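Accompanying notes for the structure given below.
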Amino acid sequence: MAFIEVKGITKKFGGLIAVDNVDFEIEKGKITAIIGPNGAGKSTFFNLINGFHKPTSGSILFEGKDITKIPVHKGAHLGIARTFQTTHLFEQSTVIDNVIVGHRLRTKSNLFDAVFRTKREKDEENRAYEIAMESLEFVGMAHLANTQVSTITQEAKKRVAIALALATGPKVMFLDEPAAGINPEETDGLAQLMKKIAASGITVCTIEHKMQMIMGMADKIMVLNQGAKIAEGTPDEIKNNPVVIEAYLGGEAIAEVN
Amino acid sequence: MDKIFNHRTLIALLIVFALVFPLIYADNRYVLHVMTIGFIFTISVYGMNIIAGFTGQLSLAHAGFFAIGAYSLGILTTRTEMNFWLALLLAVLITSAAGLLLGAIALRTKEHFFAIYTLIVGYLIYLLIDKWDGLTGGVRGLIGIPIPDPIGPLNFESATAMYYLVLFFLLLSIFIAVRIVRSLTGRTYIAIRNSEELAQTLGINTKVNKLVSFVISVAYAGLAGALYASLTRFIGPDVASTNMVFNFLMYLIVGGIGTLSGPLVGTMLFVWLEQFLRSYQEYHLLIFGPILVIMVIFFPTGIVGGFYRIKARLQQKKVPKDNKYFNPVPVKSTKK
């Protein structure tokens, strides 16, 4: 049984076929990357697995369970986390305040607990705080816990967004272009972080445009073009695949991949 | 630690001031009445703040629910001669039930569609009250709403007693709002305001949370409306008017939307400003308008939000510069 299994998934927006009959498997504990030119359907593919879009046809199995039609928040409870291209953090609040809510899905306190500040509320608040601090430590941002988000760098924000996803206690993390808009040095750091996440037992699946980063880090790569899967394999296989070079690198078979 | 102490001292001072206020103006019913009305509106604006300020869904049906609370109490006490306290409880419950029903429909829309939809819901409530003569008395309104029934030796015949009663409910409302906002539930609401998409991926059921938050906000409006009815003892369809909801919104925005003390600051400021400018009649809007525009442009989080922003900026200057993550300018990469 594959960890995540996508079977013949198709998504149409009106007449446009954004994702076209894609079969794909994600292996547990590995780093899987999805690459492809702009408009290839990578983000749509993510949104399908995540539940933001419902597929026109096909199905998605997570640990053998059909998750094709479940709402986004239920997916999170099962252990599916994701980050966005834009981090969506609340800028006027501190880093820790942003991350604490990540553990909310594992807590049970309700309105009653809030108003009467019951023992459960206090315990769960403390637990959420601890988890948030652990996640921040994991991504190397613990020292910024009490800093306002609007004052930290883009790279720090990306790391905080990853910490927030980690705080949900995921089994798999989908990262949508985590290295977009940051410099090469910081990109290396993020690649290290992704390896660290995978090593800790959390499966990583990422969309990325930075080829050097992907080639050095991914265990498996899928290439999408115009919604369809055109190749799949290890970085070495992808590098030398003529179909990929034609579609992705502009039709020149001699193009270098760095 | 001394910061918390200052904060607490300020709150204690405010409560003491509110408690001794009637003693200062013991013989001035007018001042007490304005203050009491101000407190009632504050309760309502706290409710609006929960859904609009913290959960991020701008509901413009708030005056409609305020009116449902007012009319529920008015009708129950004048038509059925029900005990005031039971009627007050029922008024809040009826308003909440109406909120649950309308919220479940309205929250299917998002952002400005939600604002427009709820504006229309509010106007429909106004029309319903205005046209349903048999139940609400139509344009003539409801008269002779009784004052609260005495509890043991406590009676509410004097303006001072009403003042204390409303003050009690105000403090209770603020207390509950603070508890909610600072809890995990409150963090959930703030996460939804921040980004609904992100909140969903964090495992938050945004539909249910938005609805619960909406019902809480509506319950505040219902309580405020019911208190308003028993204070003024006369209500007309105007309590549901769009003027009313935009007043609430103005108090909230100028005070500080999404802040815990904003509703109190904004409401008290405008309620008293309106009294001072009473002699100018409608022209007081010539002053309110520019205030609102200036606030929205320069202090989008109102007086309270602006205060905290300035404070944060002053503190930030003290932060040591050697930490690379504080530098908002990207560090230049040495290798290419």
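Naming convention: chains lettered A, B, ... in sequence-line order (proteins, then strands); numbering from 1 in each chain. All values derive from a computational prediction rather than experimental measurement.
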At a heavy-atom separation under 4.5 Å, does [X] approach chain A through its side chain, its backbone, both, or neither?
X        : answer
B/Ser183 : both
B/Arg193 : side chain
B/Val212 : side chain

- When you check the gap from the basic side-chain N to the acidic O, do A/Glu125 and B/Arg182 get nearer than 4.0 Å? no
- Message: Using a strict threshold of under 4.0 Å (side-chain N to carboxylate O), is an ion pair present between A/Asp123 and A/Arg127?
- Response: no
- Evaluate the side-chain contact (heavy atoms from CB on, under 4.5 Å) criterion for residues A/Lys158 and A/Glu186: first the C-alpha distance (whole Å), next the side-chain angles of each, then the deciding distance (0.1 Å), finally the verdict. CA-CA 10 Å; A/Lys158 298 265 180 192; A/Glu186 295 166 340; over 6 Å; no
Under 4.5 Å heavy-atom distance to chain B, tell me which part of [X] shows up: side chain, backbone, both or neither.
X        : value
A/Thr83  : neither
A/Asn98  : side chain
A/Phe84  : side chain
A/Glu124 : both
A/Ile80  : backbone

- Query: Of all of B/Ile176, B/Val181, B/Thr188, which one pairs up most often with chain A through heavy atoms under 4.5 Å apart?
  - Reply: B/Thr188
With chain B as the partner, which of [options] has the greatest number of non-hydrogen pairs under 4.5 Å?
options                               : value
A/Thr87, A/Asp97, A/Ile182, A/Asn110  : A/Asp97
A/Asp113, A/Leu164, A/Thr107          : A/Leu164
A/Arg106, A/His103, A/Gln92, A/Glu121 : A/Glu121

- Message: Any donor-acceptor pair under 3.5 Å linking the side-chain atoms of B/Gln57 with those of B/Thr55?
- Response: no
- Item | Any donor-acceptor N or O pair under 3.5 Å, side chains A/Thr187, A/Lys210 | yes
- Query: Which atoms form the tightest heavy-atom contact between A/Gly140 and A/His143, and what is the distance?
  - Reply: O-CE1, 3.3 Å
